[in-house]
Amino acid sequence: MRAILPVHATAVYVGLGSNQGDRRANLERALERLAQVPGVDVLAASSFHESELVGDGPPQGAFLNGAVALRTTLPAAALLAVLKQLEVQAGRVLPAQPNHPRPLDLDLLFYGDRWIDTAALVVPHPRWHEREFVRRPLAELGLDLETLPRWQRPRVAREVGELWSVTAGWLAGGCTIGLVPTMGSLHEGHASLLRRARAECDRVVATVFVNPLQFGPGEDFAAYPRDLGGDLAVCAAAGVDLLFAPDVAQMYGDAFASHVAVGREAEGMEGALRPGHFAGVATVVARLFAMARPHRAYFGEKDAQQLAVIRRMTLDLGFPLEVVPCPIVREADGLAMSSRNVYLGDDDRRASAVLHRAMQSAAERFRRGLRDRDALLARVRAVLATEPRAAVDYVELRREGDLAELPPGDVDGGRLLVAARFSDGARPVRLLDNLSLVDRVGNQAHD
Ligand code: AMP
């Protein structure tokens, strides 16, 4: 007879699966071995059911799945180690490749009423409710699926304290954190940043905040498009863990008084046309860095000067994180995606493709051997001039990375940057775009 565990033992549910070898024997042996672990009482096992692989993976046979109810005195991390050990005993090679065939898969689904969110273990299991091969055995074990706990993903935080405490928990749990700061109205450009962060980090925080500090008087702060419902859907599809959407009072309380001063990277171009803009950007980004404490922060090359300012600030203020630049995502006709594009009238929308076309034309000449800075700039201006709807603010060719000015004469690469206004839609729209003269970012030696 097994010793009866003390009353404080925790009720646990474990999912079982196998699609390699003698599947039934693998599952039955796992249950026997589990029952022999000190500190574990097996209470009941479901019957086993066939299921096909969920998600993409190499061709493989169907699974046999079930679930088991236990009581245990083991801490969750120790029980997880036991489950991994049983997988290895069944012949599984760890670390396992995702979605590959396996003789045994044991998932810790629920551990009492505990919520655990670490790099090694997430409980309740984050996707239990999406999987029929988990739901069916749990129902068979007498659980009411509707009342079982499930994670809200993304979790939405409105308050700084909540962002702080969630990220503090992740850091304590050994997770890497990716941060994607945005002003919302998320489109495919933002989604590309979110997906990159999802692929590279254990946890992803997206922020949606239309930052008043980066708008000047007479700019479109009030009219900037806002769509939190749509943003939530984009974040959910990209697998974001936490969406931080504070109001202005959360970010800047009444006594708020400290601002980041920015330097050379913020001069000229947008900095000249929008005084104070980059100081406002740097201030909000510094605050988000301090609150979310990411290991990596993702920014679009679409806003190349902003990227240069943020890189400088990150180095100067010593934030211990990597700034990750992400390529521009464009519409089919070449227009760089932007939240403000919705305000373009139909004719301006058609005309706006000229920005990309003009830079491409100069890049093509560069590839064919044209090296003179001013001749390349003249080429961009000549194409832009064919489109009377575009009121050009500037055309520049700057050094890759820090966007320092290039002297007249020959260049061996660099980045073209343009800004132009279009005024025939619901409201005037300023569009920014840029293009590297060389294929690989930062490759100045290209010929
Ligand atoms: P915004 O919401 O406009 O402040 O943009 C948030 C982030 O998304 C910034 O890092 C932008 O550079 C980036 N982003 C915006 N549009 C695009 C795009 N078309 N392609 C890639 N990244 C983008």
Side-chain angles (χ1 to χ4, degrees), residues 178-200 204-215 219-221 223-228 230-232 234-235 238 240 243-246 251 265-266 269-270 274 277-289 292 294 296-314 321-344 349 352-353 355-356 359 401 403 415 417-419 429-436 441:
L179 176 72
V180 183
T182 81
M183 296 207 297
S185 276
L186 302 182
H187 49 67
E188 191 49 33
H190 301 110
S192 72
L193 273 57
L194 297 171
R195 287 194 294 264
R196 173 99 179 255
R198 175 72 285 159
E200 296 180 353
V204 177
V205 180
T207 70
V208 167
F209 180 58
V210 183
N211 172 33
L213 290 190
Q214 69 190 72
F215 288 79
E219 291 187 354
D220 59 349
F221 173 69
Y224 194 85
R226 290 163 169 88
D227 174 18
L228 196 59
D231 295 343
L232 195 56
V234 173
C235 287
V240 168
L243 171 58
F244 178 55
M251 289 298 282
E265 285 77 7
M269 299 189 287
E270 292 306 295
R274 305 182 67 186
H277 170 68
F278 286 122
V281 171
T283 299
V284 77
V285 171
R287 197 154 153 59
L288 292 171
F289 282 0
R296 298 190 188 89
Y298 296 81
F299 292 89
E301 284 175 345
K302 158 80 169 37
D303 301 287
Q305 193 176 9
Q306 166 175 290
L307 178 60
V309 169
I310 298 295
R311 277 180 161 145
R312 182 79 260 150
M313 178 201 73
T314 303
L321 59 89
E322 181 189 352
V323 172
V324 182
C326 301
I328 300 175
V329 177
R330 300 179 179 281
E331 303 286 356
D333 66 354
L335 174 66
M337 289 192 183
S338 162
S339 305
R340 290 185 170 101
N341 290 354
V342 294
Y343 288 133
L344 288 168
R349 170 65 193 84
S352 60
L355 301 186
H356 186 232
M359 292 186 296
L403 303 185
R415 189 171 281 265
L417 300 103
V418 299
V429 182
R430 279 188 78 241
L431 298 182
L432 314 185
D433 202 348
N434 63 83
L435 188 72
S436 180
V441 175

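Only this structure's heavy atoms are used, side chains among them; waters, hydrogens and symmetry mates stay out. Sequential numbering from 1 along the given sequence is applied to the chain's residues. Atoms within each ligand, like the ligands themselves, are counted from 1 in listed order.
Ligand 1 is surrounded by Pro181, Thr182, Met183, His187, Gly189, His190, Leu193, Tyr224, Phe299, Gly300, Lys302, Asp303, Gln306, Pro327, Ile328, Val329, Met337, each with at least one heavy atom closer than 4.0 Å.
Using a 4.0 Å cut-off between charged nitrogen and carboxylate oxygen, Arg430 and Glu270 count as a salt-bridge pair. A salt bridge links Asp433 with Arg330: the closest approach of a Lys/Arg side-chain nitrogen to an acidic carboxylate oxygen falls below 4.0 angstrom. One finds a salt bridge joining Glu301 and Arg415 here, because a Lys/Arg side-chain nitrogen approaches an Asp/Glu carboxylate oxygen to under 4.0 Å.
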Let me see the working for Val285 and Phe299 under side-chain contact (heavy atoms from CB on, under 4.5 Å), right down to the final yes or no.
CA-CA 11 Å; Val285 171; Phe299 292 89; 3.9 Å; yes

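By the 4.5 Å heavy-atom criterion applied to side chains, His356 and Leu435 are counted as neighbours. In this structure, the side chains of His277 and Val309 stay at 4.5 Å or more apart for every pair of heavy atoms.
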